[in-house]
Amino acid sequence: MSELADAAIAGASESDLLSCPVPETVRAAHLRREDVDMFAGAGDRDVRRSIHVSEVPLPELAPDEVLVAVMASGINFNTVWSATFLPVPTFGFLSRFARRDRWGARHDQPWHVIGSDASGIVVRVGAGVRRWSAGDRVVVAPAYVDSEDPVTHQDAMTGDQRAWGFETNFGGLAEFAVAKASQLLPKAAHLTWEEAACSTLCASTAYRMLVGPHGAVMKQGDVVLVWGGTGGLGGFAVQLVRAGGGIPVAVVGSAAKADLMHRLGCQHVVDRSTLGAGPAGLRDPAAWRELGARIRRLVGEDPHIVFEHTGEETFGASVYLARTGGTVVTCGSSSGYEHSYDNRYLWMRLKRIIGSHGANLQEAAEVNRLVRLGRLMPTLSEVYPLEQVGEATRTVQHNRHVGKVGVLCLAPSEGLGVSDPARRAEIGERRLRPFRQAATGNRGLVPISVP
Ligand code: NAP
């Protein structure tokens with residue numbers, strides 16, 4: 001391990017960090033351009049085969065960037081997309097980025113360091129960075145934006161933006177990562193590194209979809225149907241709905257997940273495995289009607305908002321299930337992106353479909369504030385070392401996880417990084433680790449002990 005990594009782990013001062021040389025190479029989870037056709041004809045795109053963990057070079061820092069010693073990161077579903085080279089290999093994004101300018105050109109390499117979440121310590125700042133210094137403890141928001149694009153100043157997500165560690169190189173699943181200063185937010189002092197790392201991308205995406213001015217703008221009392229309530233997005237969506245005075249109705253895939261939802265305080269849950277759907281599953285209008293009837297039995301009315309990310313398989317149901325005048329807000333297509341739905345339900349019942357993507361820095365800051373206030377709980381369920389990013393991603397690829405799957409990068413063990421233990425004690429371990437406890441119960445993992 002490098003001198004700089006050791007200093008960051010030891011919590012060294014700004015001057016000590018700056019006196020340590022930046023290593024030329026770092027250990028990082030990455031994909032290789034030479035592998036992009038490796039799954040041709042394969043039934044199982046096993047991400048453990050495409051994700052490599054070894055040394056890769058660090059680039060020169062641009063004036064508006066920072067170098068972060070990554071203590072922990074996490075698996076997002078985009079890690080699965082990139083490692084399966086679906087729907088397209090991410091190397092195309094890097095090549096296009098390279099055509100923009102000399103700083104973009106650094107990203108176009110035969111390797112792609114992936115990962116769109118991170119918590120850690122700033123160890124270097126570019127010449128143009130004002131708000132951050134070496135030694136700052138941060139989380140990294142995923143929107144890598146162009147501050148010179150006028151649209152960025154209205155809503156960065158509609159401007160020239162890229163998903164960090166997916167459409168850019170040097171992402172979070174590494175010992176050190178390169179991010180724009182405009183991605184940084186202060187880390188919640190009461191959280192461990194791994195909890196903080198997993199509370200940014202999905203939390204801020206869910207916030208934009210449900211709460212922020214560009215999404216469904218949920219109001220008090222709204223009934224919100226949340227697909228995949230125990231998943232990465234869903235775990236935060238359910239919390240945001242409850243915190244905002246809404247009524248979440250979670251759909252989950254098993255009785256164990258339904259139980260977890262209840263224990264998280266989500267009163268209304270539908271286990272989709274109990275729907276009497278035929279071979280077409282949730283694509284079958286009979287299944288929509290059954291689900292609709294179940295929701296009415298649970299809450300007495302149809303959803304004002306449907307929180308969509310599951311895609312092809314559920315989208316027809318989502319459009320059907322939203323109430324007259326209701327909203328379907330979507331940010332993804334796990335089961336396929338060629339959605340079809342019966343448009344009569346949309347136009348005759350005056351429904352809206354809103355596309356949503358990531359979150360701008362303001363939205364990420366709002367959600368990070370909720371995390372720091374202890375109003376939004378981490379959904380971490382299990383943690384892997386950096387060497388096992390392939391295994392961690394495989395768990396998400398096969399939907400064997402709940403909440404978020406964390407990865408320790410430089411943090412030598414779990415449970416570190418809490419700088420306000422009194423606040424942590426005040427909130428309480430039970431509230432802070434509901435998903436971890438579920439994973440422990442369901443899968444025999446050893447619970448972590450947090451100092
Ligand atoms: P996740 O942790 O895997 O959770 C997804 C949940 O969806 C699972 O827990 C699963 O729950 C449910 N699900 C999966 N397939 C389903 C199906 N065919 N029918 C019904 N439910 C299904 O993933 P995530 O992090 O929440 O991300 C979900 C999707 O959103 C991904 O496609 C991801 O790429 C996208 N996303 C987009 C953005 C963006 O900015 N645009 C950001 C984050 C995520 P059950 O099995 O319990 O039902």
Side-chain angles (χ1 to χ4, degrees), residues 74-84 86-87 116-117 141-144 156-157 161-167 198-209 212 214-215 225-238 250-261 266 269-275 277 280-284 287 291 306-318 329-337 339 354-360 363-364 367 379-382 392-406 435 438 442:
I75 306 301
N76 280 296
F77 210 85
N78 72 8
T79 322
V80 176
W81 294 128
S82 49
T84 49
L86 291 174
S116 301
D117 263 324
Y144 184 100
M157 296 315 295
Q161 56 76 29
R162 291 171 170 76
W164 181 65
F166 180 66
E167 294 167 294
C198 291
S199 302
T200 309
L201 186 147
C202 278
S204 56
T205 303
Y207 182 91
R208 181 181 173 100
M209 291 171 74
H214 306 288
L225 175 62
V226 178
W227 290 105
T230 61
L233 287 169
F236 289 111
V238 167
V251 181
V252 296
S254 68
K257 288 180 174 180
D259 181 47
L260 174 59
M261 280 283 87
C266 180
V269 185
V270 177
D271 172 1
R272 66 185 167 97
S273 71
T274 65
L275 291 171
L282 281 159
R283 294 169 200 252
D284 183 347
L291 183 51
V306 180
F307 184 83
E308 243 297 336
H309 48 87
T310 33
E312 218 168 282
E313 209 158 307
T314 57
F315 203 81
S318 294
V329 58
T330 174
C331 76
S333 294
S334 299
S335 63
Y337 50 81
H339 300 186
I354 298 178
S356 193
H357 186 45
N360 63 36
E363 290 157 337
V367 99
T379 62
L380 184 76
S381 62
E382 48 191 310
T393 310
R394 183 72 168 167
T395 305
V396 176
Q397 181 182 22
H398 276 209
N399 193 19
R400 289 197 301 253
H401 67 300
V402 290
K404 297 296 301 174
V405 174
F435 281 71
N442 294 343

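Given the structure is predicted, the values throughout are model-derived calculations rather than measurements. Residue numbers count from 1 along this sequence. Remember, it's 1-based here, ligands and their atoms both numbered in the order they're listed.
Here's the thing with Trp81: one of its N/O atoms is less than 3.5 angstrom from an N/O atom of ligand 1. Residue Leu201 places no N or O, backbone or side chain, under 3.5 Å from any N or O of ligand 1. Inclusion of Cys331 in the set of residues having an N or O under 3.5 Å from an N or O of ligand 1 is warranted. Any N or O atom pair closer than 3.5 Å counts here, and Ser334 shares at least one such pair with ligand 1. Annotation: Gly332 places no N or O atom under 3.5 Å from an N or O atom of ligand 1; distance criterion only. Where the criterion is an N or O separation shorter than 3.5 Å, residue side chain and backbone included, Val251 fails it with respect to ligand 1. Considering backbone and side-chain atoms together, Cys202 places no N or O closer than 3.5 Å to any N or O of ligand 1. Checked against a 3.5 angstrom limit, the closest N/O atoms of Arg272 and ligand 1 fall inside it.
With salt bridges taken as basic N to acidic carboxylate O contacts below 4.0 Å, one links Glu312 and Arg283.
Heavy-atom proximity to His401, at under 4.0 Å, picks out these atoms of ligand 1: 1 (P), 2 (O), 3 (O).
Side-chain contact of His339 with Ser333: a donor-acceptor pair under 3.5 Å is present, judged by distance alone.
Looking at His357 against ligand 1, both its backbone and its side chain come within 4.0 Å, counting heavy atoms.
Comparing Thr79, Asp271, Asn76, Thr310 against atom 13 (N) of ligand 1, the shortest heavy-atom distance belongs to Thr310.
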